[in-house]
Amino acid sequence: MADPTPPEEDTSPSPPRLLRLRCAVQHYEWGRRGEASLVARLSSAAADDDPDTARPYAELWMGTHPSAPSSLLAAAANDGGGLLRDWLSRNPAALGPAVAARWGGDLPFLFKVLSVAKALSIQAHPDKDLAEVLHALRPATYKDGNHKPEMAIAVTEFRVLCGFAGIQELKDVLRTVPEVEDLVGPEDAAKLLSVKEYHGVNEVKSCLRSAFTKLMTASKETVSEAITKLIFRLNAESKVRTLTEKENLVLSLEKQYPEDVGVLSAFFFNYIKLSPGEALYIGANEPHAYLSGECIECMATSDNVVRAGLTPKYRDVQTLCSMLTYKQKSCGGFLYSRPSVYLVMAGEGEIQVDSMSNGAKSKQGDVFFVPAYTEVKFSASGPECMQLYRAGVNSRFFS
């Protein structure tokens, strides 16, 4: 007699697949143009076409953010392509249970390549609480309610302004840059010049906040006049002395953004040059501006930016000045158990998934999504080695 009990349904997840991605390019005006842009070379190599020599290629986005989501190549999806986010919604096992439970069909990170020819804005990214408030109040400007901590790894020499300079450097600015001192005003300048580090962190922050806000909220007329005086003075003094790195930086910023208060605010920040392979972490509510070079960047899935200078875009000066931490500082392995995105930066070879005998060919510009709990092996072929970058979810996040 046949067993009346039907066999149990196999509910185990389907074997993970390697998904080749088509990734979006952002053509912001500050990007490098044509073949001079790493973003252009990577995206063009992946698409087997030539970049537009006249067009800026600023950012390559790899992830599920709705502003520029990655899609699946038809051959990779076996169902005609579609967005990576939609595929993840249908295949949550690819994210692993912890990531799927917390973020649904989204990757919790956004992976980018940046090619910077011209300075980006003086900006900061709000923390989670402020991001939710700004999104609720002005959704057209702040398009999502997520925070945006980020890390940048230099591919070429990468120049950046990041965080407020130390108190002694700021005092030197007030003593040697009369154009800044005039805009800050005698009262705030005197407070900052007289404050001592042993007075306590809160008092130092209070003096710095007041002076910086005074500078950033000065009228366009007084800012324009101060910059005109500054540029005239530095050009004259360059004939009799060697200008400092910060002074030369200010001259170059003024050529990019004439009469912009961001030119003067550069004196308040740390000026950093990263060599290839060096990294910089930028937390929430920390001021920064990328100046030039190319980098790999990884951040939370967000596009929230509060700008206040060096930009033709919308400026929210009061919000930026109120949200900053005013910290002063000297700037100087993901596990395979979570989902990852791989970028082939250089070289070519083969990628093998789990124990499958046949691998997929990979070359410069290829981007792959690799599901959670997937073993991946890369092997190089050709005259040069393969260079890879990987973004993933650190399992320690859940511990």
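Throughout, residue positions are numbered sequentially from 1 according to the sequence presented. Given the structure is predicted, the values throughout are model-derived calculations rather than measurements.
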Do E179 and R233 meet the salt-bridge criterion of a basic N to acidic O distance under 4.0 Å? yes

Tightest non-hydrogen contact, residues L324 and A124, listed as CD2-CB, 3.7 Å

If you count every heavy atom of other residues, nucleotides or ligands that lies below 6.0 Å from K246 atom NZ, does the total exceed 12? yes

Is the closest side-chain donor-acceptor distance between Y326 and R209 under 3.5 Å? no

Is the backbone of W87 close enough, under 3.5 Å, to the side chain of N91 for a donor and an acceptor to pair up by distance? yes

Heavy-atom check, side chain of R307 versus side chain of I122, under 4.5 Å: no

Donor-acceptor contact present, side-chain K191 to main-chain S206, <3.5 Å: no

Can R241 and E247 be said to form a salt bridge (Lys or Arg N to Asp or Glu O under 4.0 Å), step by step? CA-CA 12 Å; R241 70 172 177 89; E247 288 171 333; 2.9 Å; yes

Decide, yes or no, whether a salt bridge links E245 with K273 under the criterion of side-chain N to carboxylate O below 4.0 Å. yes

Do the side chain of K171 and the main chain of V195 share a donor and acceptor less than 3.5 angstrom apart? yes

Heavy-atom side-chain proximity of D188 to L192 below 4.5 angstrom: no

Assess the residue pair E181 and R175 against the criterion (salt bridge (Lys or Arg N to Asp or Glu O under 4.0 Å)); give the C-alpha distance rounded to whole Å, side-chain angles, the decisive distance to 0.1 Å, and a yes or no. CA-CA 8 Å; E181 183 186 27; R175 294 188 183 106; over 6 Å; no

Do F269 and F212 have their ring centres less than 6.0 Å from each other? yes

With ILVMFWY side chains joined below 4.5 Å, transitively, what does L137's cluster contain besides itself? V133

Pairwise distance CE(M345) to CD(Q364) - rounded to 0.5 angstrom: 8.5 Å

E297 side chain near Y290 side chain, heavy-atom distance below 4.5 Å: yes

Do you know the tightest heavy-atom contact between Q26 and A68? NE2-CB, 3.5 Å

For a quick test of reading the model, state the closest non-hydrogen atom pair linking P339 to L95 and the distance between them. CD-O, 3.2 Å

Any side-chain donor near an acceptor of the partner, D316 and Y142, under 3.5 Å: yes

Before you tell me yes or no, could you show the steps for L388 and L343 under side chain to side chain contact (heavy atoms under 4.5 Å, CB included), namely the whole-Å CA-CA distance, both residues' side-chain angles and the distance that decides it to 0.1 Å? CA-CA 6 Å; L388 300 149; L343 165 67; over 6 Å; no

Under 3.5 Å, is there a donor on one side chain and an acceptor on the other for N146 and N304? no

Look only at the side chain of E278 and the backbone of S275, and say whether a donor-acceptor pair between them is shorter than 3.5 Å. yes

Looking at Y314, I want to see if its OH is surrounded by more than 12 non-hydrogen atoms of other residues, nucleotides or ligands under 6.0 Å. yes

L215 side chain near S265 side chain, heavy-atom distance below 4.5 Å: yes

Is the F109 ring parallel, tilted or perpendicular to the F111 ring (thresholds 30°, 60°)? perpendicular

With a 3.5 Å distance limit and no angle check, can you tell me whether S322 reaches the backbone of Q318 through a side-chain donor-acceptor pair? yes

With rounding to the nearest 0.5 angstrom, report the CG to NZ distance, L234 to K239. 12.5 Å

I want to check something: taking the side chain as every heavy atom from C-beta on, are L120 and T311 in contact at a cut-off of under 4.5 Å? no

I want to check a possible cation-pi pair here: K205 against F164, using under 6.0 Å from ring centre and within 45° of the ring axis as the test. no

Is it the case that the side chains of S362 and E350 hold a donor-acceptor pair, with the cut-off being a distance below 3.5 Å and no angle test? no

Supply the atom-to-atom distance K229 NZ to S224 OG, rounded to the nearest 0.5 angstrom. 11.0 Å

Nearest 0.5 Å, please: how far is CG in N202 from SG in C207? 11.0 Å

E203 and K196: salt bridge (Lys or Arg N to Asp or Glu O under 4.0 Å), yes or no, with the steps? CA-CA 9 Å; E203 184 171 348; K196 308 292 184 184; over 6 Å; no

Looking at side-chain heavy atoms only, is the closest gap between T301 and K148 below 4.5 Å? no

Are a donor atom and an acceptor atom from the side chains of H65 and D144 found within less than 3.5 Å of each other? yes

Does R55 CZ have over 12 foreign heavy atoms under 6.0 Å away? no

Yes or no on side chain to side chain contact (heavy atoms under 4.5 Å, CB included) for L72 and F369, after CA distance, side-chain angles and deciding distance? CA-CA 9 Å; L72 279 60; F369 171 77; over 6 Å; no

Could you give me the CA-CA distance, side-chain angles and deciding distance for R32 and E294, then say whether salt bridge (Lys or Arg N to Asp or Glu O under 4.0 Å) is met? CA-CA 9 Å; R32 295 187 176 187; E294 294 178 305; 3.5 Å; yes

For M216 and V261 the tightest heavy-atom approach is CE-CG1, 3.9 Å

Shortest non-hydrogen contact between L60 and S43, atoms and distance: CD1-CB, 4.4 Å

Side chains of P69 and R85: does their closest heavy-atom pair fall under 4.5 Å? no

V223 and D260: which non-hydrogen atoms are nearest, and at how many Å? CG1-C, 4.2 Å

Go through the steps for L251 and L243 under the test side chain to side chain contact (heavy atoms under 4.5 Å, CB included), then give the verdict. CA-CA 10 Å; L251 288 175; L243 299 182; 3.6 Å; yes

Is L170 close to F268 at the side-chain level, that is, under 4.5 Å between some pair of heavy atoms? yes

Let me see the working for S67 and W61 under side chain to side chain contact (heavy atoms under 4.5 Å, CB included), right down to the final yes or no. CA-CA 9 Å; S67 292; W61 284 33; 3.8 Å; yes

Checking T64 against D106 for the side chain to side chain donor-acceptor pair (under 3.5 Å) test, could you report, in this order, the C-alpha distance in whole Å, the side-chain angles of both residues, the deciding distance, and whether it holds? CA-CA 6 Å; T64 58; D106 272 320; 3.0 Å; yes

Counting neighbours of CD on E237 that are heavy atoms of other residues, nucleotides or ligands and sit closer than 6.0 Å, is the number greater than 12? yes

Gap separating the OG atom of S37 from the CG atom of L114, nearest 0.5 angstrom: 9.5 Å

Linking I/L/V/M/F/W/Y whenever their side-chain heavy atoms sit closer than 4.5 Å, directly or via other members, would V305 and V160 fall into one cluster? no

In terms of side-chain heavy atoms, does Y271 have a donor or acceptor partner in R159 at a distance below 3.5 Å? yes

Inter-residue atom distance L208.CG - K327.NZ, 0.5 Å rounding: 13.5 Å

Y57 side chain vs R41 backbone, donor-acceptor pair below 3.5 Å: no

